Amino acid sequence: MIYEPVIGLEIHAELKTKTKMFCSSKNDSDEKHPNVNICPICMGHPGTLPVINKEAVNRVIKVGLALTCKIAELTKWDRKNYFYPDLPKGYQISQYDKPICIGGKLKIPGSDKEIRITRVHLEEDTGRLIHFGHIGHSLVDFNRAGVPLMELVTEPDLNSGEEASAFSEELRLILRYLGVSDANMEKGQMRVEANISLKLVNAKELGTKVEVKNLNSFKAVRDAIDYEITRQTEILLNGKKVLQETRGFNETEGETFSQRKKEQSHDYRYFPEPDLPPLKINADLVEKLRSSLPELPNEKRFRFKNQYSLSEGQ
Ligand code: ADP
Ligand code: MG
């Protein structure tokens, strides 16, 4: 039996704005002192109200335009509820059913393949836990809590670790060309989650997927996916079933490991954010942002090829 890998990516990138997503605390990923860029709003104190960071919305629109997405005329915010020590409010403001950007595509350089983009939405980042395993303590730094975070979701159009890594690298380049994010993976400014399943080559229906979280380098993206493809192939060839779950990736061992049963969207009790009105996106603003786009990597490659008779890769 011949199995074909099917992969969809969820990529988060911190946006490089002056202030956080819903308050005026500084957004500074280089800040070394913990818990200095915080305020009652991003700490979720009772009685505080969020205010939308317009520049963050503009940046996500630019990303959407660069990926030929449709920009929503009306977008809205939703609460995603869960408990974790790095989430001071007990919920994350995200976008559930009305993301800013819908549809779109990205061509993998050096290949004819175009990957369909499902959506790009805006949410807020969490704080950061720092673990001191040897003394059995963890400390929490909230400087990152509330930093604007875009999330891009692809359709399951990728078929190998190599392709997924090339896609992620091209997206990083676009984010940098647009100046919307430094997208430095070592600093955690860009984080990739890979959904991986196998199906029989001619089968229409997709197989059970495993989600591998927090891939922090292109090599990790490629290696984790390749490892999962091998692991799942062995399970299926042995006549067993792949378990739907969330897995982590150990870079040193080059192996993925089981973390938890996959949560479903109803586990989060999404509901419309009562403290923020839906947002109308004006067509004039979209056109203004469109005309501000720089020449994008793919356009530049095309121009160089024609102008200097270069071949792909030169
Ligand atoms: P969930 O609700 O579990 O988060 P989604 O439908 O939102 O799942 O998809 C999340 C990501 O997983 C997307 O990138 C999508 O393309 C990908 N995906 C969905 N089904 C599969 C599958 N069977 N195999 C691989 N990737 C998949
Ligand atoms: Mg999802």
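Residues: numbered from 1 along the sequence shown. These numbers were taken from a predicted model, which means no experiment stands behind them. Every number for a ligand or one of its atoms is a count from 1 in the order of the listing.
- For ligand 1, none of its N or O atoms has an N or O atom of E211 under 3.5 Å away.
- The main-chain N or O of D226 is found under 3.5 Å from a side-chain atom of T230 such that the two form a donor-acceptor pair.
- For N282, the CG atom is densely surrounded, since the number of other residues' heavy atoms within 6.0 Å is greater than 12.
- Taking 4.5 Å as the limit, some side-chain heavy atom of C101 sits within range of a side-chain heavy atom of I71.
- Interface of E155 with ligand 1, defined as ligand atoms under 4.0 Å from a residue heavy atom, comprises 16 (O).
- Around atom 14 (O) of ligand 1, the closest heavy atom drawn from I115, I7, T154 belongs to T154.
- Using a 4.0 Å cut-off to heavy atoms of G207, the atoms of ligand 1 that qualify are 23 (N).
- Residue contact check: L206 has heavy atoms under 4.0 Å from atoms 22 (C), 23 (N) of ligand 1.
- Between the side chain of N238 and the backbone N or O of K240, no donor-acceptor pair lies under 3.5 Å.
- No donor-acceptor pair under 3.5 Å is formed between the side chain of N195 and the backbone N or O of E211.
- Close contacts of ligand 1 with P156, meaning ligand atoms under 4.0 Å from a residue heavy atom, involve 16 (O), 26 (N), 27 (C).
- When E10, R119, E193 are checked for heavy-atom proximity to atom 10 (C) of ligand 1, E10 turns out nearest.
- Counting atoms of ligand 1 from 1 in the listed order, those under 4.0 Å from a heavy atom of V6 are 24 (N), 25 (C).
- When heavy-atom distances to ligand 1 are checked against a 4.0 Å cut-off, V153 comes that close only through its side chain, counted from C-beta outward.
- Applying the side-chain contact (heavy atoms from CB on, under 4.5 Å) criterion to I102, with sequence neighbours excluded, gives A72, P99.
- Enclosure of atom NE2 in H33 is not indicated, since only 12 or fewer non-hydrogen atoms of other residues, nucleotides or ligands lie within 6.0 angstrom.
- Between Y96 and Y270, the ring planes are parallel. Angles under 30° get that label, and only those over 60° would be called perpendicular.
- Using a 4.0 Å cut-off between heavy atoms, T208 makes no contact with ligand 1 at all.
- Using a 4.0 Å cut-off to heavy atoms of L9, the atoms of ligand 1 that qualify are 14 (O).
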